[in-house]
Amino acid sequence: MRSLGKSFEPVEFESELYKFWEESGCFEADDQSVPGQKSFSMVIPPPNVTGVLHMGHALTNTIQDILVRWHRMKGDNTLWLPGTDHAGIATQAQVEKQIAKEGKAPNGKPLTRHDLGREAFVARTWKWKEDHGKEITNQLKRLGSSLDWKRERFTMDEGLSAAVREVFVRLYEEGLIYRGERIINWCPRCQTALSDLEVIPNERKGNFWHIVYKIVDGEGKPVLGADGVQEQLVIATTRPETLLGDTAVAVHPEDERYKHLHGKRAVLPLLGRTIPIITDSYVDKEFGSGALKVTPAHDFNDYDLGKRHNLPVVSVMGKDGRITPAGGPYSGMKFVEAREQVVLNLREQGLLVKTEDHVHKVGLCQRCENVAEPIISKQWFVKIEPLAKPAIAAVETGKIQFSPKSWEKTYFEWMYNIRDWCISRQLWWGHQIPAWYCGRCQEVTVARENPEKCPHCGARASELRQDEDVLDTWFSSALWPFSTLGWPSKTQALQTFYPTSILETGFDIIFFWVARMIMMGLHFMGEVPFEKVYLHAMVRDEKGEKMSKSKGNVIDPLVLINQHGADPLRFTLAAMAGQGRDIKLSVDRVEGYRAYCNKIWNAVKFFHLQLDALKEKGVAVTEPEGGVERWLLERRPRLAAHNRWILSRLERVIPTVEKGLENFELNESAQALYEFSWHELCDWYIELSKLPFREGGEKAVETLYTLRYSLDVLLRLLHPFVPFVSEALWQSLPWNKPASTPTRARGGKPEVLTLMFQAYPRPNPKFLDESAEKEIAAIRGVIEAVRNFRGENNIAPRVEFALRYKAASPEAASLIEGASEQLRVLARVSALEAVSGPGGGTEAVIPVSNPPVELRIDLKGLVNVEEEAKRLRKELEKVTGDIQFVRNKLGQETFIAKAPPQLVEKERKREQELVGKQTELEAALARLSTLGG
RNA sequence: UGGCGCGUAGCUCAGUGGGAGAGCACCACCUUGACACGGUGGGGGUCGUAGGUUCAAUCCCUAUCGCGCCAACCA
């Protein structure tokens with residue numbers, strides 16, 4: 001049993017508890033479930049191995065941990081599998097940066113990976129991974145994530161690498177992976193190909209240059225117009241340097257302006273080549289001049305257009321970021337220089353007719369934010385359509401469900417228009433492509449094992465050269481749900497945990513990751529990788545902007561954890577994880593939930609105080625035979641009202657919390673828990689319990705048991721949300737036992753006494769008690785009315801006064817009489833007396849509608865007459881307004897006729913009540929005015 | 001251009017076809033035996049704007065303005 005400090009100080013117990021859970025094996029799942037036991041599994045979206053925890057991680061891991069802890073408490077064989085991603089470009093870039101800082105190459109420039117050589121650089125990166133890879137996992141532990149660390153995986157570890165090779169080879173054999181020369185996105189800075197997804201469109205202010213193309217005929221002779229001047233076309237472009245690679249000019253076939261030019265040729269400015277004028281309905285007549293320069297090598301649309309018209313492809317922009325020899329005099333210039341020079345030369349030759357300002361989109365490399373250029377290159381691709389089809393069907397048929405559902409639309413939109421996936425990257429850090437080229441026969445060999453000789457011609461291994469490229473990081477991530485469970489071996493873990501139950505992640509990686517996992521899972525496992533996809537909102541910075549490493553605007557969750565604890569951060573994220581809205585994290589909220597944790601802490605401390613006090617009085621407070629719950633259930637009808645009340649209220653929280661957990665509405669659960677524990681348990685139940693505790697005896701013991709039971713259930717409900725503080729508090733409670741029905745096959749390990757394995761409360765009406773709820777609500781009504789009177793009149797709490805009451809019904813009378821002691825304590829009233837007849841003298845009147853009762857307080861020596869008159873006038877004003885509103889409603893025939901009769905009846909009753917109140921208030925005010933004179 | 005989401009108290013956000021809520025901030029009073037990370041009371045919003053449906057609209061429909069995100073073949 002733990003003892004509690006005087007307030008909630010998370011640093012004192014969080015790490016210690018995590019260690020206790022982990023060392024006791026509490027996070028471990030079993031490969032095989034016990035008969036009849038359900039399994040529940042999730043895989044963590046693997047963070048970058050060298051990354052640091054940011055708010056996005058904190059959110060997704062909090063949500064996942066809540067779900068996992070909930071299922072574990074429900075008794076499921078629960079697996080939450082951890083791991084990290086090698087993050088090709090990101091990690092390589094970090095190591096490159098490091099070596100650049102370290103030294104200079106012989107040529108005086110900073111060291112690059114090429115100075116080290118591939119082998120040494122990769123070894124260096126592995127070391128970097130060993131040094132930094134633990135940081136993110138330790139941070140996940142600080143959050144409280146109950147991950148099964150014994151199963152931790154890394155996308156480049158031996159098993160996962162084998163899975164990658166297996167998948168690559170199989171897809172190659174099936175014809176779904178091919179190597180081809182096509183247009184791709186190229187980052188000249190990172191020196192690698194990128195997939196379409198890794199290029200981020202970005203608005204840039206630029207220019208719109210209008211360039212003259214002169215027209216010639218098939219023999220190259222100028223075509224003259226009616227006026228004898230050579231015909232010409234003006235073409236607008238935002239990238240004039242690409243004209244070096246133009247191989248056609250395109251116009252719309254129906255464009256009257258250009259019909260006479262069909263079949264003619266245009267002279268490429270600066271280079272003087274002639275190129276055909278083609279027609280294609282892709283061209284927009286309205287845009288620019290209606291004529292389009294076609295550069296198949298450096299524009300995706302032009303590439304397609306070129307294919308349709310069999311145009312030659314001229315690459316003028318090289319991988320090194322410079323113009324190729326095909327660019328003639330511009331060869332060797334950087335792209336930006338070439339642009340300036342081209343514009344200059346055009347101007348000199350009078351071929352530039354106009355320059356406008358223009359905002360257009362350029363593609364930036366996701367990693368380094370430099371402009372990525374479309375270029376022609378030989379790369380490896382996944383033929384995606386055959387994989388996409390079943391993946392679309394899986395969502396259409398509901399085998400996979402997205403939540404919120406609206407994301408399914410986004411998913412379909414992308415999947416229907418999906419293009420082949422460029423998977424090769426010109427990096428060194430990653431899975432090297434298992435393809436070998438034979439120096440002797442030139443054949444390609446794709447194999448699971450490194451070949452010892454060429455299978456085509458028998459050449460020795462030394463003749464074979466492995467493809468230098470590595471695979472896109474997302475290629476290995478796509479296999480994550482099954483590669484981590486041992487695939488391609490047929491493991492027991494796969495049987496038990498695949499398909500996983502839920503995938504929880506951010507919507508920003510639906511295409512990068514979710515869609516690809518679905519495709520690969522269906523293709524290689526024959527089954528969906530998960531049944532539900534939960535997509536959380538984006539955590540943004542205070543300006544509402546997306547947090548990202550490259551922007552440098554990340555807020556460190558560790559700072560918040562160190563300051564306030566993991567639990568307040570977790571509760572904040574859960575409470576704000578409402579769907580359909582971005583989360584703008586506010587530190588105020590975290591502080592508020594820290595206060596909440598402290599509140600719960602003190603509620604439990606209150607229990608201990610009362611337990612000790614009873615013991616001191618010599619009252620035997622041991623655990624009742626058969627347990628507290630049974631003891632309470634057996635005596636339920638005879639329990640005091642406040643005890644029956646809190647048990648009933650508690651019973652109502654359970655289904656609300658469960659519903660939130662089931663429907664991925666964690667904010668609903670968090671709110672219900674917050675509301676109950678603070679405003680019912682602490683504000684009212686504990687206050688109501690103080691009287692019986694003071695009196696001691698049987699009612700005190702009964703109340704102690706009730707409090708013990710309520711706290712136990714509350715802590716169990718809270719545990720998935722705030723695991724640390726709930727465990728610390730629960731451990732402090734007496735009479736705890738290990739889970740009574742251990743459903744986990746824990747390999748003969750001793751049972752652990754932990755809240756983690758206590759059964760999660762289930763909805764069950766056993767303690768529901770409407771009459772107790774009504775009774776306490778009425779008592780609250782009286783107390784609040786008196787407190788309000790006190791507050792409005794500025795009467796100090798220490799000043800007590802007698803309270804008289806006139807009950808409008810016998811029930812109300814007996815209710816107040818029965819609760820007189822509680823009323824005296826909580827309303828701070830010296831005496832309570834029933835009266836009849838109208839009020840008089842110096843009596844103040846306080847009408848209360850629930851319960852129907854009129855309170856009277858003698859004002860003599862208590863309040864300033866003017867203050868009280870002010871209070872009365874204020875109340876009267878409100879009542880009068882209310883009467884007007886109700887009468888207005890009741891005066892409308894259509895309302896009487898069409899509104900539900902119960903509602904009409906309710907309004908009638910309300911009118912009566914209000915008029916009664918009004919009369920009393922007016923009388924009181926009249927009396928007061930005679931007094932005041 | 002299309003799709004989606006959001007505009008509710010000073011700030012951050014819940015919420016509902018029958019007279020608007022929380023946390024923080026603010027004001028007043030309280031060192032009351034769990035808690036000053038607290039207690040009690042209070043001030044504060046024509047629920048973006050304009051129409052419509054309805055007995056009744058902050059909520060449903062339409063339009064409109066503003067903000068954000070996503071997807072796009074307008075060079």
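Because the structure is a prediction, the values reported are computed rather than measured. Residue numbers start from 1 in every chain, and the chains themselves are labelled A, B, ... in the order their sequence lines are given, proteins ahead of strands.
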Any A/Lys605 side-chain N or O less than 4.0 Å from OP1/OP2 of B/A34: no
Can you check whether A/Glu792's main-chain N or O pairs, donor with acceptor, with A/Arg871's side chain at less than 3.5 Å? no
Taking only Lys NZ, Arg NE, NH1 and NH2, and the carboxylate oxygens of Asp or Glu, determine whether A/Lys909 and A/Glu913 approach each other closer than 4.0 Å. no
What base-paired stems does RNA chain B take part in, with at least 3 consecutive Watson-Crick or G-U wobble pairs and both distances under 3.5 Å? B:1-7 with B:65-71, B:10-13 with B:21-24, B:26-30 with B:38-42, B:48-52 with B:60-64
Just verifying a value: how many Å separate A/Trp730 CH2 and A/Leu711 CG, rounded to the nearest 0.5 Å? 13.0 Å
Would you say the side chain of A/Leu823 lies within less than 4.5 Å of the side chain of A/Val829, judging by non-hydrogen atoms? no
Could you tell me how far apart A/Leu903 (CG) and B/C55 (P) are, to the nearest whole angstrom? 14 Å
Verify the contact: side-chain N or O of A/Lys361 to OP1 or OP2 of B/C74, cut-off strictly under 4.0 Å; return yes or no. no
Using a distance-only test with no angle check, is there a side-chain donor-acceptor pair under 3.5 angstrom linking A/Asp246 and A/Thr295? yes
Is the shortest side-chain heavy-atom distance between A/Thr880 and A/Asp882 below 4.5 Å? no
Nearest-Å distance once atom C1' is located in both B/G51 and B/G45: 23 Å
For A/Arg798 and B/U40, is the shortest distance between a side-chain N/O and OP1 or OP2 below 4.0 Å? no
Determine the interatomic distance between C1' on B/A72 and the same-named atom on B/G44; round to the nearest Å. 46 Å
In whole angstrom, what separates A/Ile583's CD1 from B/U12's P? 15 Å
In whole angstrom, give the distance that lies between atom CZ of A/Arg419 and atom P of B/C73. 7 Å
Does a side-chain N or O from A/Trp414 land closer than 4.0 Å to OP1 or OP2 of B/C4, or not? no
Distance in angstrom units between A/His679 NE2 and B/G23 C1', rounded: 9 Å
Establish whether the base of B/G19 is bridged to the side chain of A/Arg910 by a donor-acceptor pair shorter than 3.5 Å. yes
Map A/Lys409 and A/Gly592 onto RNA chain B by nearest heavy atom, then report which one ends up closer to the 5' terminus. A/Lys409
Nearest-angstrom distance from the residue atom CD1 of A/Ile510 to P of B/G3: 18 Å
Just the rounded figure in Å: distance from P of B/G41 to NZ of A/Lys870. 19 Å
Grab the two heavy atoms, one from A/Tyr411 and one from A/Phe511, that are nearest each other, plus how far apart they are. CA-CE2, 4.4 Å
Comparing nearest nucleotides in RNA chain B, the 5'-proximal residue of the pair A/Asp683, A/Asn794 is A/Asn794
Less than 4.0 angstrom between a side-chain N/O of A/Asn788 and OP1 or OP2 of B/G42, yes or no? yes
Count the heavy atoms of every other residue, nucleotide or ligand shown that sit under 6.0 Å from CD of A/Gln563, and state whether that count exceeds 12. yes
Rounded distance in Å between the C1' positions of B/U8 and B/G66: 16 Å
Atom CD of A/Gln671 to atom P of B/C13: distance rounded to whole Å? 15 Å
Can A/Phe607 be classed as stacking with the base of B/A34, given a centroid separation cut-off of 5.5 Å and a plane angle cut-off of 30°? no
How far does the C1' atom of B/G2 sit from the matching atom of B/C59, given to the nearest Å? 28 Å
Please give the distance between the C1' atoms of B/U58 and B/G21 as a whole number of Å. 13 Å
Please report the distance separating the P of B/U46 from the corresponding atom of B/G5, rounded so that it comes out in whole Å. 27 Å
Is the ring pair A/Tyr593/A/Tyr674 parallel, tilted or perpendicular, if the boundaries are 30 and 60 degrees? perpendicular
When the C1' atoms of B/G43 and B/C26 are compared, how many Å lie between them, rounded to an integer? 8 Å
Using the C1' atom in both, what is the distance from B/C11 to B/A50, to the nearest Å? 29 Å
